[in-house]
Amino acid sequence: MAEEQESVLQLLPSSAAGGEGLTDVSPETATPEPPSSAAVSPGTEEPAGDTKKKIDILLKAVGDTPIMKTKKWAVERTRTIQGLIDFIKKFLKLVASEQLFIYVNQSFAPSPDQEVGTLYECFGSDGKLVLHYCKSQAWG
Amino acid sequence: MEEDEVFGEKTFQHYCAEFIKHSQQIGDGWEWRMSKDCSDGYMCKTHFKIKNATVVSHPGTSGHGQTCLPLEEALELPSDDFEVTETAAASEVIKYEYHVLYSCSYQVPVLYFRASFLDGRPLTLMDIWEGVHECYKTRLLQGPWDTITQQEHPILGQPFFVLHPCKTNEFMTPILKNSQKINRNVNYITSWLSIVGPVVGLNLPLSYAKATSQDENVD
C-alpha cells in the first residue's frame, strides 16, 4: 500500500534523515508541509507485517525548541514514544543532557512505552496524530 | 485561577481534586490525605509491581530494557508484542507508594515515593536508580544526586525518595504558556505527573489527557 510520498517521509529507525540533504534545522515560519524530496528508506526494525500500517504524525514545536524542517511523518503503529523521542533528538541534534518531551493534546506526556498507534486511536483526527514536542534541561 | 507564575497551594489542591475525580472514575487509586492538623494535604497512590530477579533478554518488547515488569493496569499497554519469557519463580512483588505534595519553597508540586518488598524491606536508592526507565537513565546516572534524593516526608516524617523540583518550572512553563495561547485550561498536576511519573515507574493512563479537556471548568 503506497503512501503519498510528496510530503510524507518514513521514519528512519537509526540514522536520521540519511541521504536526504536535510542538514541543519533552521527555525522557519510555520508553513504547510513543503513537498520535500522524500527519500524513502525501507529500513524498519519490525518485519513488514500486513496488519502493521503506518499512521501520520504531525510534529509541532513548543517553546524555544527548534522546528523540524519536516513535520509530517509516517510512523508504524508500534513505534513507541521513546523511539520517537530518540528520533527527534537525533534529528534536531540535541545533546544527551537535553531532554525532549512529547505531548498529546498539548499538555499530556504519554509514557515512553506508549505506542503511537494507540495514541492515534485516542487522539488522532483528520487522519493524523498531532504531537507537540518540547526540549528542556529538565534534570540538572 | 492564580497567575501561572505563582502556583499556590490552593491551586495545587484544586488540580489535585480534579485529578482525583478522574482517578476515581477509572479506578486508578489516587487518594487525598490530610495532615493530622488538617493544614496540609497531599495526593497518594499505592501500586504493586513484580520484579524479576533473573535477567533475561526481552526480544519481544519495544525497547523495554529494565528488569522490572510492571504489573500494570492492563488498559494502558497493548500486550500483543510483549512476550513474557521469564518464570514467576524468582519474582518479587514490590510495593510502590507515590505521594504528591506541594512545595512552598519552589511553589510547585513535588513527587515523593518509596518502595519496599512485601516483607517490609525497603528498596535502596541504587535499586530505585536501576528501576528508572531507560530513556531517563543516562541523564539520571550522570548526576543522580541532582534528581532523585532521599528526604523526610514533610507530613509523615518518614524517609522517602524525592524527584527534585528545581527544574519543574522549566519544563512546565512552555506547556502553560502554550495553553494560554490556545486558550485552553490545563490541569497542572496531570501534565506535570505525566512528565515526571515515568521517570520513577509511574505511568498515567491516557484517559487523563482527555479528562482535562473535557472537564474544562471556567474559573
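First the proteins, then the strands, lettered A, B, ... as listed; each starts at 1.
For the pair B:A209 and A:F108, the tightest heavy-atom approach, listed with the atom from each and the gap, is CB-CG, 3.3 Å. In plain terms, the two heavy atoms of B:I175 and A:Q106 that are nearest each other are CG2-O, 3.7 Å.
Between the OG atom in A:S111 and the CG atom in B:L206 there is a gap of 7.0 Å [rounded to 0.5 Å]. Between B:E170 atom CD and A:C134 atom SG the span is 9.0 Å, to the nearest 0.5 Å.
For A:Y103, the ring-ring contact (aromatic ring centres under 6.0 Å, His included) test picks out no residue, with sequence neighbours left out.
Distance alone, capped at 3.5 Å, places no donor-acceptor pair between the A:S107 side chain and the B:S191 backbone.
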Going by atom type alone, with no hydrogens or angles, which donor-acceptor pairs under 3.5 Å involve a side-chain atom of residues 122-129 of chain A and a protein atom two or more places apart or on another chain?
none

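Only the side chain of B:I182 comes within less than 4.5 Å of a heavy atom in chain A; its backbone stays farther off.
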